[in-house]
Amino acid sequence: MKIRKAVIPAAGFGTRFLPVTKSQPKEMIPVVDKPVIQYVVEEAVNSGITDILLIIGRGKRAIEEYFDRSWELEKALEEKGKIEQLNQLRAITNLANIHFVWQKELNGLGHAITHARTFVGNEPFAVLLGDTLLESDNEPVTMQLIKQYNKKKRSIVALENVPPELVHRYGIIDGIEEGEGLFKAKNFIEKPRAEEAPSTMAVASRYVFTPSIFDMLDNTPVGLNGEIQLTDAMRMLLLQEEIYGFCFEGTRYDIGNKLNFIKTNLIYGLKNQEIGPELKKWLENFLGK
Ligand code: UTP
């Protein structure tokens, strides 16, 4: 079955980026001139996804408004002859069929995904975390995962090799390498200590799941940090179905923390045609001092 649905959880508190996230969704934080959530939606669309469910919550209304049409603004731009900006705005609302659901209590990523059951039905689907940008030279990372899914017809997660001192921040796979970047999972461990980690391959914010994940999530007890952990549901799914991991081609930018947000903006700013050359000159001069 062709994968055409994606779920983007974007309801989290964003505590690593307080105080700005007190009233501003972290998914709306800009990378140059676009909010990070737009890059995520574009990755899904460029991977063949036609229907997207955004999981939002209190304080996340700006995300809904961003993907809605702004008639007054469009009219004003039209009257002023600002056609390029007008087309840019219209393109945002026409990206895909975008649906919203509210996660009323923030009980973790696994809990967020349970809200997608009715939307997804009995189809395989993609999950893209709304605060993380994945850049690749050739194919979007979600498309890379979908291609692997099409070979195996089993759930598959994006994998990134992280430095050993950072494994405690991620879900880590214990797997058997099958070649060409593919791993067959034996286990997943959420945020292990470096000395306990079975590998340094971290689950990296993109997934394709068979619909069986929903039954697992329904039976997943509250875990680490009092949250329903997606990793725990994946471990349960492993008892019934194989799960694979795939080392994607590309780079991950998690803008959910301050340092990465600044770094990502510099990287994307330097690559931007309009501001890149001037930013480079200014940076060289600034650092030279
Ligand atoms: P994170 O753990 O990075 O998000 O979850 P967070 O909880 O917002 O951030 P911190 O740790 O407090 O700074 C990854 C993704 O899952 C979503 C988040 O919005 C983010 O995109 N999420 C997390 C939910 O949708 N609901 C939740 O209950 C938790």
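All residue numbers refer to positions in the sequence shown, counting from 1. Fair warning: this is a prediction, and the values are worked out from it, not measured in the lab. Whatever order the structure lists them in is the order used to number ligands and atoms, beginning at 1.
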| If you measure from atom 6 (P) of ligand 1 to every heavy atom of Arg16, Lys26, Gln103, Glu227, which option wins on shortest distance? | Lys26
| task | Report, in ascending order of atom number, the atoms of ligand 1 lying under 4.0 Å from any heavy atom of Glu27. | result | 19 (O), 21 (O)
| Counting from 1, what ligand 1 atoms have a heavy atom of Ala112 closer than 4.0 Å? | 24 (C), 25 (O), 26 (N)
| message | Within the supplied structure, the quantity of interest is the number of heavy atoms (other residues, nucleotides, ligands) at a distance under 6.0 Å from Lys147 NZ; does it exceed 12? | response | no
| Flag for Glu190-Tyr170: side-chain donor and acceptor within less than 3.5 Å | no
| said: At less than 4.0 angstrom from any non-hydrogen atom of Leu106, what atoms of ligand 1 do you find? | reply: 28 (O)
| field | For Gly130, the ligand 1 atoms whose distance to one of its heavy atoms is below 4.0 Å | value | 21 (O)
| field | Whether Gly14 lies under 4.0 Å from ligand 1, heavy atom | value | yes
| request: Decide yes or no on salt bridge (charged side-chain N to carboxylate O under 4.0 Å, His left out) for Arg154 and Glu242, but give the supporting numbers first. | output: CA-CA 6 Å; Arg154 288 287 182 265; Glu242 298 91 35; 3.0 Å; yes
| request: Give the atoms of ligand 1, by number and element, whose distance to some non-hydrogen atom of Asn107 is under 4.0 Å. | output: 28 (O)
| query | What do you reckon, does Phe17 have a nitrogen or oxygen under 3.5 Å from a nitrogen or oxygen of ligand 1? | reply | no
| When you check the side-chain N and O atoms of Glu241 and Thr210, is any donor under 3.5 Å from an acceptor? | yes
| Can you tell me the protein heavy atom closest to atom 22 (N) of ligand 1 and the distance? | Gly12 N, 3.6 Å
| request: Consider every N or O of Phe13 and every N or O of ligand 1, then say whether any pair is closer than 3.5 Å. | output: yes
| message | Regarding Glu135 and Thr251, do their side chains bring together a donor and an acceptor under 3.5 Å, going by distance alone? | response | no
| Among Ser205, Gly256, Gly108, whose heavy atom sits nearest atom 27 (C) of ligand 1? | Gly108
| query | Do Leu145 and Val157 have side chains that get closer than 4.5 Å, going by heavy atoms? | reply | no
| request: Please work out whether any backbone atom (N, CA, C, O) or any side-chain heavy atom from C-beta onward of Ala11 is under 4.0 Å from ligand 1, and answer side chain, backbone, both or neither. | output: both
| task | Please determine, by modelled atom types, if Asp232 and Thr220 share a side-chain donor-acceptor pair under 3.5 angstrom. | result | no
| query | With the threshold set at 4.0 Å, does a side-chain nitrogen-carboxylate oxygen contact exist between Asp254 and Arg169? | reply | no
